[in-house]
Amino acid sequence: MTTALSHIMPPPQDAIPLPQSKAPLTLTGWDHIAFSVPDLVAAERWYVEVLGAEVVGRSNWGGDTSHPVGPHEDIRLGAHIVSLFLGEPLEAAPPPRLFHYAFNCRTLEESDAWRAHLERQGVPYQGPMAHPGFGAVSLYFTDPWGTRLEIATWLSDFATAQAAAVQRGGAVWGPTERPSPG
């Protein structure tokens, strides 16, 4: 399926059947995400120092030109790889939060520790924000190049998430509260 020009279509007002997959197998999830940054050294330092990333590979650095793709590096965050490519960062999507990358932490105590860490690092953030309809509490922020990021903590249900967010000085994500950090 190719889309030459996009046209925003509102969802149907009537119920429609769920699509049936024709894929031969089921994928197991994301392998990695990739985006561009204008300064690989600064990006590497920011992701390591602020988010605790581990550098797992550098390609076409230090005079090496053996990799068929331009200069980039791979960093690990938890079990996942983020590939940072040298280039102009893409303009972030307009509010509310369309295009972003969300990381997960296990507990509210971890979320509190991340919030304190972001404050110590001077990273502006919004949250904690509860999500109506399901039990997640999130912190929203951007990297120095405008990439929208989120740290989400999953709880049992919305009421629990709402109470946790409000208790921590946050709010419920909705029409009057839109994540717009940075």
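The residues of the chain are indexed from 1 along the displayed sequence.
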Run Leu149 and Leu51 through side chain to side chain contact (heavy atoms under 4.5 Å, CB included) and show every step you take. CA-CA 11 Å; Leu149 304 171; Leu51 296 183; 4.2 Å; yes

Run the side chain to side chain contact (heavy atoms under 4.5 Å, CB included) test on Ile81 and Ile75 for me, step by step, so that the C-alpha distance in whole Å, both residues' side-chain angles and the decisive distance to 0.1 Å come before the verdict. CA-CA 6 Å; Ile81 298 294; Ile75 58 174; over 6 Å; no

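Across all non-hydrogen atoms, the minimal contact from Leu84 to Ala43 is CD1-CB, 4.0 Å. In this structure, Gly52 and Leu77 approach most closely via the heavy-atom pair C-CD2, 4.5 Å. Closest of all the heavy-atom pairs between His32 and Ser83 is CD2-OG, 3.7 Å. Shortest non-hydrogen contact noted between Ala34 and Phe85 is CB-CE1, 3.8 Å. Across Cys105 and Ser111, no two heavy atoms sit closer than the pair SG-N, 3.7 Å. The two atoms that bring His131 and Tyr140 nearest to each other are CE1-OH, 2.7 Å, heavy atoms only.
Under the side chain to side chain donor-acceptor pair (under 3.5 Å) criterion, Glu44 pairs with Arg58, sequence neighbours left out. Legend: residues meeting side chain to side chain donor-acceptor pair (under 3.5 Å) with Asn60, ordered by chain and number and at least two apart, are absent. Every residue two or more places apart in sequence or in another chain was checked for a salt bridge (charged side-chain N to carboxylate O under 4.0 Å, His left out) with Asp39, and none qualifies. Applying the ring pair (Phe, Tyr, Trp, His ring centres under 6.0 Å) rule to Trp154 yields the partners Phe134; only residues at least two apart in sequence or on another chain are considered. Every residue meeting the salt bridge (charged side-chain N to carboxylate O under 4.0 Å, His left out) condition with Glu54, not counting sequence neighbours, appears here in chain and number order: Arg76. For the side chain to side chain donor-acceptor pair (under 3.5 Å) test, no residue two or more places apart in sequence or in another chain qualifies with Glu49. Here Thr153 pairs with nothing under the side chain to side chain donor-acceptor pair (under 3.5 Å) rule; sequence neighbours left out. Under the salt bridge (charged side-chain N to carboxylate O under 4.0 Å, His left out) criterion, Glu119 pairs with no residue at all, not counting sequence neighbours. For Arg45, there are no salt bridge (charged side-chain N to carboxylate O under 4.0 Å, His left out) partners at least two apart in sequence or on another chain.
Between atom CG of residue Asp64 and atom OG of residue Ser59 there is a gap of 7.5 Å, rounded to the nearest 0.5 Å. Taking NE2 from His72 and CH2 from Trp61, the interatomic distance works out to 11.0 Å, rounded to the nearest 0.5 Å. A distance of 5.5 Å separates CG of Leu118 from CD1 of Ile151, quoted to the nearest 0.5 Å. Once rounded to the nearest 0.5 Å, the distance linking CH2 of Trp114 with CZ of Phe103 reads 9.0 Å. In this structure, CG in Leu40 is found 5.5 Å from CD in Glu73, a value given to the nearest 0.5 Å. With rounding to the nearest 0.5 angstrom, the CZ atom of Phe141 is 11.0 Å from the OG1 atom of Thr147.
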Donor-acceptor list for residues 158-171 side chains, cut-off 3.5 Å, not counting sequence neighbours:
from	atom 1	to	atom 2	distance (Å)
Thr160	OG1	Ser156	OG	3.4
Thr160	OG1	Asp157	OD1	2.8
Arg168	NE	Asp112	OD1	2.7
Arg168	NE	Asp112	OD2	3.1
Arg168	NH1	Ala164	O	3.4
Arg168	NH2	Asp112	OD2	3.2

Sequence neighbours excluded and cut-off under 3.5 Å, please list the side-chain donor-acceptor pairs for residues 8-25, or say none.
from	atom 1	to	atom 2	distance (Å)
Gln13	NE2	Pro11	O	3.4
Ser21	OG	Ala23	N	3.0

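Asp74 places no side-chain N or O within 3.5 Å of a backbone atom of Val56 that could act as its donor or acceptor partner. Here the side chain of His117 pairs a donor or acceptor atom with the backbone of Val50 at under 3.5 angstrom.
Using bins of under 30°, 30° to 60° and over 60° for the plane-to-plane angle, the ring pair Tyr47/Trp145 lands in the parallel bin.
Between Leu139 and Pro128 there is a side-chain heavy-atom pair separated by less than 4.5 Å. The shortest distance between side-chain heavy atoms of Val37 and Trp46 does not fall below 4.5 Å.
Alongside Val137, the hydrophobic cluster contains Leu108, Leu155 (criterion: ILVMFWY side chains under 4.5 Å).
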